[in-house]
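The next block holds one structure in the form of C-alpha cells; read it before the comments.
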Amino acid sequence: MKDSERPLILISNDDGIEAAGILSLASALDAVAEVIIVAPLHEMSAVGHAITMRDPVRARPWPFRGPSGQLTAFAVSGTPADCVKLALDKLVPRKPDLVVSGINHGPNTAVNVIYSGTVSAATEASILGIPAVAFSHCRWGGGDFEASGRVARQIVENVLKQAPPPGILLNVNIPDLPIEKIKGCLITRQAQARWEEQFAERLDPFDKPYYWLSGTFVNMDKGENTDLWAVENGWVSITPILHDLTAYRVMDELSLRDWNIDSIN
Ligand code: MN
C-alpha cells in the first residue's frame with residue numbers, strides 16, 4: 001500500500017522527542033499507518049494545556065529512526081499543545097486520521113489529567129476535530145515499553161475503524177506489567193484522588209529560601225470502575241474525556257435569584 005493510501009497518524013508527547021515512550025509508540029504504529037512525529041525538543045511534563053504566545057516557536061527536522069527506517073519527525077521548541085497546533089497548521093502533508101500522544105513515562109490517572117502535557121496534546125487534537133488517544137505507562141521514570149507499545153497498537157487499530165464521538169478523546173493508562181499479565185481493557189472514570197502536597201523549603205547559596213514541590217498521591221475513591229482501580233488490578237484503563245468543563249448537572253441548581261444579581265443595571 002502506498003503511503004498516501006494508508007491512514008495518517010500524528011504522534012506527539014510531553015517527555016520530549018528523545019524519550020523511550022515516543023519511540024515505542026512510533027515503532028508500534030509504523031506498521032499500521034503512515035506516521036509523522038511532532039514532539040517537544042525538551043521534556044514538557046506537567047505543563048498541562050499551556051501554549052506559547054510571547055515567543056516564536058521553531059520546528060527542526062529530526063532524525064527519528066523507526067523499525068522500517070527513517071520516519072518524518074520534527075522537534076518543536078514549544079509545549080505539547082503547541083506541537084499539535086503547529087503540526088496540523090503547517091507540518092502534516094494532509095489532515096491526520098488520528099492524533100496519538102505518549103507513551104508517557106508515568107500514569108495520567110485521576111486529577112493528573114489536568115496537569116498532563118500528554119493528555120493536552122490529545123485534547124488539542126479533539127478541539128480541532130480530530131480523533132485522539134493519549135497513552136501513559138504506569139511507572140514513573142520509564143520501564144519496559146514493549147507491552148504498552150503492543151497495547152497501544154491494538155487500541156489504535158480499533159479507533160481507526162471506529163472513532164469515539166466528536167470532541168471525545170480516550171485517555172489510556174497501561175499497567176506496568178508484561179503483556180501476559182495484562183487482563184484486558186476496562187472503560188473507566190477518573191478516580192477521586194489528589195496530591196497532598198508539600199513544598200520543601202531550602203536555602204540557596206545566598207541564604208535565600210527556595211521551595212520545591214513534592215507530595216504523595218492519595219486515592220479517596222473506593223470505586224471499582226476508576227482509572228486507578230483498573231491499572232492497580234492489572235487492567236488497561238480507557239477513560240473517555242472531553243475538554244468542555246461545564247458542570248451541566250449543576251446549572252439548574254445555581255439560582256441567580258438567590259444571589260440577587262439576576263438583574264444588573
Ligand atoms: Mn511526561
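As the structure lists them, so they are numbered: ligands from 1, and atoms in each ligand from 1.
- Salt bridge Arg153/Glu157: present, at least one basic N to carboxylate O contact under 4.0 Å.
- Under a hydrophobic clustering in which Ile, Leu, Val, Met, Phe, Trp and Tyr are joined whenever their side-chain heavy atoms come within less than 4.5 Å, directly or via other members, Ile22 and Leu71 fall into the same cluster.
- Residues satisfying the side-chain hydrogen bond (donor to acceptor under 3.5 Å, both in side chains) criterion with Ser68, sequence neighbours excluded, are Asp30.
- The count of protein N, O or S atoms under 2.8 Å from the Mn ion (ligand 1) stands at 4, with waters excluded from the count.
- In terms of hydrophobic clustering, with Ile, Leu, Val, Met, Phe, Trp and Tyr side chains grouped at heavy-atom distances under 4.5 Å, Leu169 and Ile11 are assigned to different clusters.
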Identify each donor-acceptor pair in which a side-chain atom of residues 203-212 lies under 3.5 Å from a protein atom, sequence neighbours left out, and give them as a table.
| unit_1 | atom_1 | unit_2 | atom_2 | d |
| --- | --- | --- | --- | --- |
| Asp204 | OD1 | Phe206 | N | 2.7 |
| Asp204 | OD1 | Asp207 | N | 3.0 |
| Asp204 | OD1 | Lys208 | N | 2.9 |

N/O donor-acceptor pairs under 3.5 Å from side chains in residues 109-124, not counting sequence neighbours:
| unit_1 | atom_1 | unit_2 | atom_2 | d |
| --- | --- | --- | --- | --- |
| Asn112 | OD1 | Trp195 | NE1 | 2.7 |
| Asn112 | ND2 | Thr109 | O | 3.2 |
| Ser116 | OG | Asn108 | OD1 | 3.3 |
| Ser116 | OG | Asn108 | ND2 | 3.2 |
| Ser116 | OG | Thr118 | N | 3.1 |
| Ser116 | OG | Val119 | N | 2.8 |
| Thr118 | OG1 | Asp14 | OD1 | 3.1 |
| Thr118 | OG1 | Asp14 | OD2 | 3.3 |
| Thr118 | OG1 | Asn104 | OD1 | 3.1 |
| Ser120 | OG | Gly48 | O | 3.0 |
| Ser120 | OG | His49 | N | 3.3 |
| Ser120 | OG | His49 | ND1 | 3.4 |
| Ser120 | OG | Ser116 | O | 3.0 |
| Thr123 | OG1 | Val119 | O | 2.9 |
| Glu124 | OE1 | His49 | NE2 | 2.6 |
| Glu124 | OE2 | Lys85 | NZ | 3.0 |

